[in-house]
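Below is one structure, written out as structure tokens; comments come after it.
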Amino acid sequence: MNSDTVKNLFICQPGFEDLLGPELQNHGFQLLESRRGWVLTEGPDEDAPLCFAHLQLKGGKTVTAESINALAGQLLDLFLEQIKGKKLPDNWPLIFRFADGEKGLGQRVKSVEKEFRARLKKRMARLARTASADLPRGCGNVEGFFIFFTDFNSAYATSKLWNGGQRRMADDPAAPSRSYLKTEEAFVVMGREPVAGETVVDLGAAPGGWSYSAAKRGASVVGIDNGPMKGGALDHPLIEHRRDDAFKFMPASGETYDWLFCDLVEDPHHVMRLIEEWFENRHCRHFVINLKFGRADANSLLRKVLDPDGRLARHCSQLSVRHLFHDRDEFTLTGSIREA
Ligand SMILES: C[S@@+](CC[C@H](N)C(=O)[O-])C[C@H]1O[C@@H](n2cnc3c(N)ncnc32)[C@H](O)[C@@H]1O
């Protein structure tokens, strides 16, 4: 490994490592090992705009031992080495995670974590007291200590992490669909959400999860879908449901909505052409858009979306694409349109 490359461990939604691998290769990372939910790489020590990665554990080391005590001891040594000269803030994240599907691994990690915390408390009581078991909300680089167990005897650990912002969201009993969770999660990634008085168009709105998510914040929504609204979106005073074809609905020239939501189960290229028209004519200021890649090549679609000269990105002042915790065979675009 030369001085310009580091080892990184990337964590994705279990089952999507075969999409994360090629995405990482496109960004110049060399794949070293990959199993369900994670990929270990060697590659450039720089940030990449990743979609399928939820977390990037940066420039860490692998610790290997057979006993709980030895693992906890080695992890503590690594922690002390990595934080030397650094001042961790209150609520610094101390995060233990483990590979999906390894029977009994969760219990093992719990025991190592308990032993690690006990040892840390003995050595540095204040640091032990101020640790948080949660990651901060939103996306970006975070300092703390992050440990990922790839199997019973091996853990990859580091003090530096990039967080894509994906996270499990809490359900709302009035939300008419599980899809509601996607837009709630998208707002966390974006660090922005609709506010009271803003206007939203929701293409492919039914049964109304996304519309409900905006309306519960006080935004006025026009939901376009031939299907019926349900639950909290049905007859909501801030949701106007239009039974129409999303491909035929286009605001008048000069008309701008604060938000465009789009969650159409349609060919993603077809949806991109529709969205381009919205962007080009500045009919929205911000957006949350799901593209369903289904059996299409997700990485080639991703490259098209992120191409700075392509249909969408060239109109955006900000654009992120993430495979959300609540996404299935789809990814979610969030961002804002460049001012004229
Ligand atoms: C995944 S669902 C949307 C779920 C919604 N976001 C929610 O939170 O409840 C996709 C919707 O797209 C709608 N749809 C597909 N093609 C459409 C079109 N051309 N015009 C309007 N709606 C369409 C379907 O009727 C379906 O209700």
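The chain is numbered in sequence order, starting from 1. Atoms within each ligand, like the ligands themselves, are counted from 1 in listed order.
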Inset, instruction - Report all protein residues having a heavy-atom distance below 4.0 Å to some atom of ligand 1; order the list by chain, then number. - result: Ser177, Ser179, Gly204, Ala205, Ala206, Pro207, Gly208, Gly209, Trp210, Asp225, Asp244, Asp245, Ala246, Phe247, Asp263, Leu264, Val265, Glu266

Legend entry - Crowding at CZ, Arg97 (>12 non-hydrogen neighbours, <6.0 Å): no

Inset, instruction - Look up atom CG in Leu319 and atom CZ in Phe279, then write down how far apart they are to the nearest 0.5 Å. - result: 7.5 Å

Inset, instruction - Could you tell me which residues satisfy side chain to side chain donor-acceptor pair (under 3.5 Å) with Gln318, sequence neighbours excluded, listed by chain and number? - result: Ser320

Legend entry - Salt-bridge criterion met for Lys58 and Asp47 (N-O under 4.0 Å): yes

Legend entry - Lys182, Arg322, Lys292 screened by side-chain contact (heavy atoms from CB on, under 4.5 Å) with Asp327, the one that passes: Lys182

Inset, instruction - Flag the pair His270 / Arg273 as yes when at least one side-chain heavy-atom distance between them is below 4.5 Å, and no otherwise. - result: yes

